[in-house]
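Written below as structure tokens is the structure these notes are about.
Residue numbers begin at 1 in each chain, while the letters A, B, ... track the order of the sequences. Computed from heavy atoms alone, side chains included, the values below leave out hydrogens, waters and symmetry copies.
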2 protein chains.
Amino acid sequence: MNELVSQASERLRSQGGRMTSQRRLLLSILDSLGEHPTAEELLLIARKQDPDLNLSTVYRTLRWLEAENLVSTRLFAEGRRQERFDAALPSEHHHFICTRCKNVIEFDTDLLDEIKTQFQDSSGASVDTGSIELYGLCPDCRQRSIVQETGMEVG
Amino acid sequence: MNELVSQASERLRSQGGRMTSQRRLLLSILDSLGEHPTAEELLLIARKQDPDLNLSTVYRTLRWLEAENLVSTRLFAEGRRQERFDAALPSEHHHFICTRCKNVIEFDTDLLDEIKTQFQDSSGASVDTGSIELYGLCPDCRQRSIVQETGMEVG
DNA sequence: ATAATTATTGCAAATGATTTGCAATAAGGG
DNA sequence: CCCTTATTGCAAATCATTTGCAATAATTAT
């Protein structure tokens, strides 16, 4: 049994909730998927195993996970207003979004802490969390765009 | 005539567009407003001067400004999926969002450049833009929450 | 095990934010 | 001042997500 499923089971038990087959399926997909699916994408994947699964169930499960802090929700500026769900556990991590192919690369930095401190000190606010989004061309798209524009390979 | 209005007029001229009273009104509000209004909020403000102004016009104007890079669009994670429009010109700036009162404070940092470089070097991607969002309690709400929980004033 | 209790599901209809088609209106050039 | 056509207002459409409700299925007590 994977991390998310057992975490969730525990919480469900403690609050009189029930571990259903739908939840187990969604959780195991979320846990193993190295991506940030939308609710719809998650549904499509899950339906390969449970064709009757409903989109409302997907949303309800994701919202519950969100409330339990087991997934976080992001609205990358993709022109779309669709939410993406990130099952990565508490560790703070950030996202690079390729403006060409929309792929997301996660990254880490310890500089955010400095930024938090900087802002706290200058403003008097208290900062809990923060996130960074970078936009640009991923290595592949960058390569392609250089080849296209110059006919040359990247070194 | 303010900055945004003249910038926009120029662009309109060069592309055969027309400067209408509706656009002029919206632009002047956006230019002077030190906030990040939603389309609806902007409409409400604008209707004080032009009660017949329509929400579609507001959206169409904002989308055009967005395409011209004269405003940027943000989806702060407020539980709401409503867009907020930021007329601040190109200079990169970031946002702190108070999780209690939802107020937004803008801030600046030169550390983002380091983060960009860090990521570019380690990934091979090329980064154009980036934005940071911090969440926490603004000075006022922080003060109130401390008073409420301890009965004590903040030093 | 079995039945009773009630959390959860699937479906359909509702909601909230934004977009679009279209006929009427109004900028701006001639 | 007229003409062309970009832009507007309105209503209806769309997209993403949420909600009400009767049917179903996990758990709990029997």
Side-chain angles (χ1 to χ4, degrees), chain A residues 1 5-6 8-27 36-44 46-47 49-68 71-85 102, chain B residues 1 5-6 8-27 36-44 46-47 49-68 71-85 102:
Chain A
M1 205 197 293
V5 176
S6 52
S9 297
E10 201 178 315
R11 310 243 183 145
L12 283 170
R13 203 165 311 121
S14 79
Q15 53 191 251
R18 295 170 188 181
M19 174 54 73
T20 64
S21 64
Q22 292 89 334
R23 280 179 181 164
R24 205 178 344 258
L25 173 57
L26 291 169
L27 291 165
H36 305 76
T38 63
E40 199 104 33
E41 288 168 354
L42 187 53
L43 177 69
L44 246 49
R47 278 195 168 157
Q49 311 214 195
D50 175 357
D52 293 335
L53 185 67
N54 192 276
L55 187 55
S56 323
T57 303
V58 175
Y59 273 110
R60 281 187 281 230
T61 301
L62 288 167
R63 293 304 173 210
W64 176 78
L65 287 168
E66 208 183 354
E68 293 294 320
V71 307
S72 64
T73 296
R74 331 215 136 241
L75 288 158
F76 298 131
E78 306 167 57
R80 173 116 315 98
R81 253 152 330 302
Q82 207 172 181
E83 297 177 29
R84 293 194 167 269
F85 298 89
K102 312 298 182 201
Chain B
M1 200 198 295
V5 177
S6 53
S9 298
E10 201 177 316
R11 309 242 184 149
L12 283 169
R13 204 166 311 118
S14 79
Q15 53 190 250
R18 293 170 190 181
M19 175 54 73
T20 64
S21 65
Q22 291 90 333
R23 281 179 182 164
R24 207 179 341 264
L25 173 57
L26 291 169
L27 291 165
H36 304 77
T38 62
E40 198 104 33
E41 288 168 356
L42 188 53
L43 177 69
L44 247 48
R47 277 196 169 153
Q49 311 213 194
D50 175 357
D52 293 335
L53 185 67
N54 192 277
L55 187 56
S56 324
T57 303
V58 175
Y59 274 110
R60 280 188 282 230
T61 301
L62 289 167
R63 294 302 174 210
W64 178 78
L65 287 167
E66 208 184 356
E68 294 294 320
V71 308
S72 64
T73 298
R74 332 213 135 245
L75 289 158
F76 298 132
E78 304 169 57
R80 171 120 315 98
R81 236 145 357 294
Q82 207 170 185
E83 297 177 27
R84 293 193 167 270
F85 297 90
K102 312 298 180 199

Got a sec, which residues hit side chain to side chain contact (heavy atoms under 4.5 Å, CB included) with B:L44, two or more places apart in sequence or on another chain? none
What integer distance in Å separates A:L55:CG from C:dT9:P? 13 Å
Counting any heavy atom closer than 4.0 Å, what does B:R60 reach on the DNA or RNA strands: base, sugar-phosphate only, or nothing? base
Could you pull out all residues at least two apart from A:S56 that satisfy side-chain hydrogen bond (donor to acceptor under 3.5 Å, both in side chains)? A:N54
If only side-chain N and O atoms of B:R23 are considered, is one of them under 4.0 Å from the OP1 or OP2 phosphate oxygen of D:dT7? yes
Quick tally for nucleotides 23-30 of chain C: nucleotides whose base has a protein heavy atom under 4.0 Å get B, sugar-phosphate-only ones S, the rest -, giving ---BBS--
A:W64 CH2 to C:dA7 P, straight-line distance once rounded to whole Å: 15 Å
Taking only side-chain N and O atoms of B:N54, does any of them lie within less than 4.0 angstrom of OP1 or OP2 on D:dT8? no
Would you kindly give the CG-to-C1' distance between A:L53 and D:dT24, to the nearest whole Å? 15 Å
Can you check the A:L42 CG to D:dA16 C1' distance for me, whole Å? 15 Å
Side chains of B:T57 and B:T20, heavy atoms from C-beta outward: is any pair under 4.5 Å? no
Closest-nucleotide ordering on DNA chain C, the 5'-leading residue of B:S56 and A:S56: A:S56
Of D:dG9, C:dT9, C:dC11, the nucleotide closest to the side chain of B:T57 is D:dG9
Please enumerate all residues that pass side-chain hydrogen bond (donor to acceptor under 3.5 Å, both in side chains) together with B:D50, with sequence neighbours excluded. none
Is there side-chain contact between A:L27 and A:L65, with at least one heavy-atom pair below 4.5 Å? yes
Residue pairs meeting salt bridge (charged side-chain N to carboxylate O under 4.0 Å, His left out), one or both in residues 9-21 of chain B, sequence neighbours left out, come to B:R11-B:E68
Atom CG of B:D50 and atom P of D:dT7: how far apart are they, to the nearest Å? 17 Å
In whole Å, what is the span from the CG atom of B:D52 to the C1' atom of D:dT7? 15 Å
Measure CG/B:L62 against P/C:dT19 and give the value in whole Å, please. 10 Å
Any pair with a residue in residues 52-66 of chain A that passes salt bridge (charged side-chain N to carboxylate O under 4.0 Å, His left out), sequence neighbours left out, goes on the list, sorted by first then second residue, please. A:R63-A:E66, A:R63-A:E83
Write down the distance between CZ (A:R63) and C1' (C:dT15), rounded to a whole number of angstrom. 14 Å
